[in-house]
Participant: 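One structure is given below, represented as structure tokens, and several questions about it will come after.
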Amino acid sequence: MAHIRIEAVGGYGEVGKNMTAIHIDDETIICDMGMHMDHLLTHIPDSDLASHSREDMIRMEIIPDDSHIDVKRVKAIIPSHGHLDHIAGIPYLESRYNCPIYATPFTAEVLKRQFKDNGFKRKNKIFSVLYGKQIKLSEKITIEFVYVTHSVPHSSIVAIHTPYGTVCYANDYKFDDEPLGEISDYKRLKEIGKNCVCLISECLYARKEGRTPFEAHVKEQLAELMYKYNKKGIFVTTFTSHITRLQMIYDIAKSMKRKVMFLGRSLDKYALSAKFAKVTNMVDGVEMYPYKSQIKRKLKNLGNDKKNYVIVLTGHQAEEHAVLNSMLNGKLPNPFAPDDLFIFSCNIIPTDAIQKARAELELKLEKTHMVVHKDIHVSGHAHIDDLQMLVKMLKPKVVIPSHGTQEMMDAYVKNVAIPLKIEVKQIHTGESVKIA
Ligand SMILES: [Zn+2]
């Protein structure tokens with residue numbers, strides 16, 4: 001009789017709304033309850049989240065369909081890290097469950113704000129858990145978070161220890177050996193590798209050769225550009241949850257003796273989460289202007305003082321209501337002058353809706369005659385060599401690719417599982433597989 005069954009609730013054969021149910025005998029652990037960000041932008045561009053019901057969100061395929069899950073069996077909900085495609089389904093789905101939510105400190109902070117800022121009521125308690133702490137969920141099941149580098153603080157591989165071996169849930173990671181903080185916990189991963197029965201691994205970049213480039217590379221590029229334009233206005237936009245990147249920008253600005261200004265609600269949310277989760281106190285040294293009225297007032301009186309700041313703003317993916325688009329559309333004062341520096345420290349998320357919006361935004365930016373630099377960025381997702389490194393450390397009996405389209409899952413099989421001679425099982429959203 002099989003004891004462990006892995007069920008793909010969302011994110012298998014698609015990018016977004018990640019959710020996996022791990023059934024161990026008659027008990028279940030849920031890893032992640034995310035949103036499909038592309039479907040969200042297509043259906044609800046105004047981001048008024050709380051006005052939509054769980055049923056609507058499932059119907060629009062913005063969150064996973066967990067209707068069939070027997071909630072009485074579920075022992076815990078475990079978000080792996082703080083990205084919205086892993087946590088933003090929780091406020092809609094958790095009330096049906098009666099179990100704790102365990103997360104690392106930054107993830108727990110962001111999740112709590114996700115409820116509060118959007119006006120959601122929460123039924124279950126969120127526990128903040130440090131790395132290495134073993135949490136016994138039942139007679140048979142113990143879990144722990146193992147630290148890995150990614151593009152948001154306190155990312156983790158979730159290890160689920162059972163009498164039948166350990167299941168590792170690895171969404172998302174890369175192995176950065178020159179990060180701003182700690183390197184990934186290779187030692188613990190190798191220890192877990194003595195008894196790993198199954199690895200569920202992201203496969204987003206399973207077509208990309210080599211190692212994922214390190215963050216240190218971006219710091220050099222950013223510093224070079226910012227120093228070159230030291231006499232001009234300097235504007236930067238990046239992923240607001242990418243605290244490491246924001247810290248880099250902050251550190252470079254301070255080394256140039258410039259002040260730092262964060263414009264936009266989302267920057268406020270993540271920077272404060274980083275403070276309360278004891279990741280960094282950067283926010284104490286930053287002038288924060290989350291709301292449009294505050295931004296308006298500040299920019300109106302800015303004048304030549306602009307050159308004493310590095311100004312970080314929201315809107316890198318051309319979101320309609322973010323600060324950048326509002327400045328270019330005349331809804332906020334436009335502080336841009338010819339020959340100022342504008343940096344996109346991000347990639348463009350490759351969906352039709354976003355690419356179209358970004359193209360329109362760049363046309364408007366051109367008219368400002370600023371010097372615009374794009375793609376000053378490295379990814380937080382594992383390339384082929386990183387994916388292989390994890391398999392070599394964990395030595396799982398079976399691997400299951402997740403967090404990817406069919407092409408990405410196929411690439412994982414071809415570039416990771418076959419060369420390493422590891423048994424692989426492919427499942428798609430709505431399917432499940434027995435593994436032990
Ligand atoms: Zn992520």
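Atoms within each ligand, like the ligands themselves, are counted from 1 in listed order.
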Participant: Could you tell me whether the side chain of D386 and the main chain of F175 form a donor-acceptor pair under 3.5 Å?
Facilitator: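 At least one qualifying donor-acceptor pair exists.
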Participant: Using atom types as modelled and distance alone, determine if a side-chain donor or acceptor of T107 lies under 3.5 Å from a backbone N or O of A103.
Facilitator: no
Participant: When the aromatic ring centroids of H242 and Y270 are compared, is their separation below 6.0 Å?
Facilitator: no
Participant: Distance-only, no hydrogens or angles: does the K133 side chain make a donor-acceptor pair with backbone N or O of E144 under 3.5 Å?
Facilitator: no
Participant: May I ask you to check whether F127 and Y102 place their ring centres under 6.0 Å from each other?
Facilitator: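 They qualify: ring centres under 6.0 Å apart.
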Participant: May I ask you to list the protein N, O or S atoms found at less than 2.8 Å from the Zn ion (ligand 1)?
Facilitator: H81 NE2, H83 ND1, H150 NE2, D172 OD2
Participant: Roughly how far apart are L363 CG and R358 CZ, rounded to 0.5 Å?
Facilitator: 11.5 Å
